[in-house]
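Here is how names work: the chains are called A, B, and so on, in the same order as the sequence lines, proteins then strands, and each is numbered from 1.
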Amino acid sequence: MTEAAISFQGVTRLFPQKGGRDVVALDDIWLDVPQGAITGIIGRSGAGKSTLLRLVNGLERPSSGQVIVADRDVTQAEGADLRAMRREVGMIFQHFNLLASRTVAGNIALPLEIAGVPQSEIAPRVAQLIELVGLGAQADRYPAELSGGQKQRVGIARALATRPRVLLSDEATSALDPDTTRQVLELLQDINRELGLTILLITHEMAVVRDICTHVAVIEGGRIVEAGETYAVFSRPEHPTTRSFLTGVTGVAVPGFVAGQMRDAPQSDAAQAVLQITFVGDHATDPMLSRLAVECGIETNILAGAIEEIGPNPFGSLIVSLPARRPAEARAFLGEHGMMTEVLGYVG
Amino acid sequence: MSANLIALLWDSTLQTLYMVAMSSLFGTLIGGPLGVFLATSRRGELFSAPALNAALGLVANAARSTPFIILVVAIIPFTRWIAGTSIGTTAAIVPLTIAAAPFIARLVEASIREVDGGLIEAARAMGATPGQIVRKVLVPEAMPGIVLGLTLAVVSLIGYSAMVGAVGGKGLGDLGIRYGYQRFMPEVMAAVVIILIVLVQIVQSLGEWIAARFDKRAPRNRGR
Ligand SMILES: Nc1ncnc2c1ncn2[C@@H]1O[C@H](COP(=O)(O)OP(=O)(O)O)[C@@H](O)[C@H]1O
Ligand SMILES: [Mg+2]
């Protein structure tokens with residue numbers, strides 16, 4: 001078991017409201033963020049993601065509970081002590097938050113100046129960081145002259161300047177187009193591998209989690225409703241919120257013509273059940289479906305299907321229909337062979 | 001126009017420049033930090049001091065709502081205490097500074113409040129002290145706006161400096177009143193007005209040029 005880089009221990013954060021009930025932004029959060037991993041926290045707008053992330057570098061204080069980073073409780077740190085701890089945690093932002101008045105090199109130098117690094121050491125360190133994020137030709141440009149992706153690279157270089165142990169990312173790709181998003185995510189992944197940096201990112205897009213996160217926690221209304229290794233959560237989503245985030249991202253959705261006719265219960269003897277089958281690893285489904293036909297006499301129609309990669313694990317998802325009288329039997333058979341099934345509804 | 005008059009115009013121009021330059025300088029030295037403080041000391045801000053913020057804001061408003069000519073007369077004892085005399089060009093710098101400082105403070109405050117809060121957040125995340133945030137983030141980022149504000153203040157001071165004849169401040173405005181109006185020499189009045197227009201124009205253009213140099217926000221064609 002890997003050691004936790006960040007540990008949220010019973011963290012609650014209330015925002016008192018004038019003349020009303022407090023807003024419970026975070027409600028008794030217990031979560032360990034593993035060392036050297038990329039952990040994603042996914043949730044809808046207002047779920048409490050930013051509040052949770054900002055606890056890690058003390059930009060936000062909990063109402064109760066502890067946040068342990070590198071064996072120290074951030075919530076107790078103050079003044080110079082807190083500022084020293086903040087230098088060990090880098091942060092990147094949705095809107096980049098670069099200084100318009102400084103060049104790329106100047107922006108990356110800022111945290112070093114703040115940390116009191118001697119001028120003679122700043123220049124070589126900045127040059128190294130600019131190289132690391134692939135902005136060699138842009139050193140003397142101003143943020144206004146850069147594309148969104150380039151700005152976020154500057155943000156990443158700046159966040160890494162003081163050699164932090166942890167990188168926090170608050171929706172860092174939400175303002176970027178899909179291509180640029182992929183490039184920035186790849187850069188984060190490279191940095192995670194090469195520097196062994198722990199990354200904690202928050203997002204509202206499951207695609208970001210699928211693409212780079214080894215671990216995921218789903219947050220809803222200030223509570224963690226599900227957490228674990230990404231492929232495990234993807235293959236056995238338990239909470240409805242997780243499931244709704246997964247639709248679309250796993251590439252399968254019930255085709256429109258079927259969705260339109262779907263009911264919660266079979267309406268006739270000839271009705272068909274619509275079943276979602278998910279599986280992790282290299283299970284071959286085709287033989288499984290033919291064995292289902294041969295061994296149980298259950299014929300299936302494939303309505304939709306896709307295979308994705310989650311880290312090193314292929315992750316497949318199929319939507320099939322089969323006679324409504326037999327889903328229990330089919331599910332038992334598939335379950336024995338390591339597949340997850342869920343009845344989505346009935347047609348006819 | 002006689003050589004005598006031309007010499008008088010020249011001297012008056014220098015007196016105006018002297019009063020405006022000195023009061024701009026002192027006004028900025030007082031108003032700049034005051035503006036930074038006003039912009040960062042409300043409840044929950046960097047230097048959270050709500051009571052002091054409110055008190056200073058009140059003083060700034062009071063100074064700004066007093067008509068300048070009344071201010072000049074009202075603070076004569078204070079002027080005498082600071083400048084040793086209450087009459088003359090140097091003495092006039094005191095009321096001009098008192099008028100300029102709160103004006104500059106409010107302009108600086110407005111420019112600093114324009115700076116995106118995300119930058120403060122980023123700097124705090126880097127472990128910056130409040131002082132570092134002011135010096136390395138807020139002031140540099142607000143610089144284009146601050147320079148334009150100072151330009152506005154200098155232009156206003158050129159106008160105010162025309163009123164200090166009342167306390168023997170001399171300068172162009174005083175010359176215009178004494179010769180152009182009281183002795184009815186319209187050519188002096190015209191010359192004074194033209195010089196003032198040229199001064200204001202130069203200050204305005206210079207201010208805009210400097211502000212543009214500081215402003216890296218808009219993409220521009222950088223040659224090369
Ligand atoms: N400074 C604040 N004052 C009052 N309420 C806040 C504050 N910050 C966040 N909240 C509330 O806490 C909840 C969680 O906010 P946030 O962490 O920003 O969510 P997310 O990042 O997931 O969109 C929201 O209901 C939000 O309105
Ligand atoms: Mg947020």
key: Sole candidate of A:V89, A:L110, A:T162 that passes side chain to side chain contact (heavy atoms under 4.5 Å, CB included) when paired with B:M126   = A:L110
With a sphere of 6.0 Å drawn around [atom1] of [X], does it hold more than 12 non-hydrogen atoms of other residues, nucleotides or ligands?
{"X": "B:R213", "atom1": "CZ", "answer": "no"}
{"X": "B:Y160", "atom1": "OH", "answer": "no"}
{"X": "B:F214", "atom1": "CZ", "answer": "no"}
{"X": "A:R165", "atom1": "CZ", "answer": "no"}
{"X": "A:Q128", "atom1": "CD", "answer": "yes"}

request  = Please check if the side chain of A:N97 supplies one atom and the backbone of B:G118 the other of a donor-acceptor pair under 3.5 Å.
outcome  = yes
inquiry  = Quick check on the interface: out of A:R86, A:M85, A:H95, A:R158, who has the most heavy-atom pairs with chain B under 4.5 Å?
reply    = A:R86
key: A:L98 versus chain B, the contacting section by heavy-atom distance below 4.5 Å   = backbone
request  = Go through the atoms of A:E88 and report whether side chain, backbone, both or neither lie under 4.5 Å from a heavy atom of chain B.
outcome  =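 A:E88 has no heavy atom closer than 4.5 Å to chain B.
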inquiry  = Counting only non-hydrogen atoms closer than 4.5 Å, does B:E141 touch chain A with its backbone (N, CA, C, O), its side chain (CB onward), both, or neither?
reply    =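 Interface part for B:E141: both.
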message = So, taking the atom named CG in A:L59 and the one named CD1 in B:I120, what distance separates them when rounded to the nearest 0.5 Å?
response =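 So the gap between those two atoms works out to 12.0 Å.
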query = To the nearest 0.5 Å, how far apart are NZ in B:K216 and CZ in A:R102?
reply =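 Those atoms lie 13.5 Å apart.
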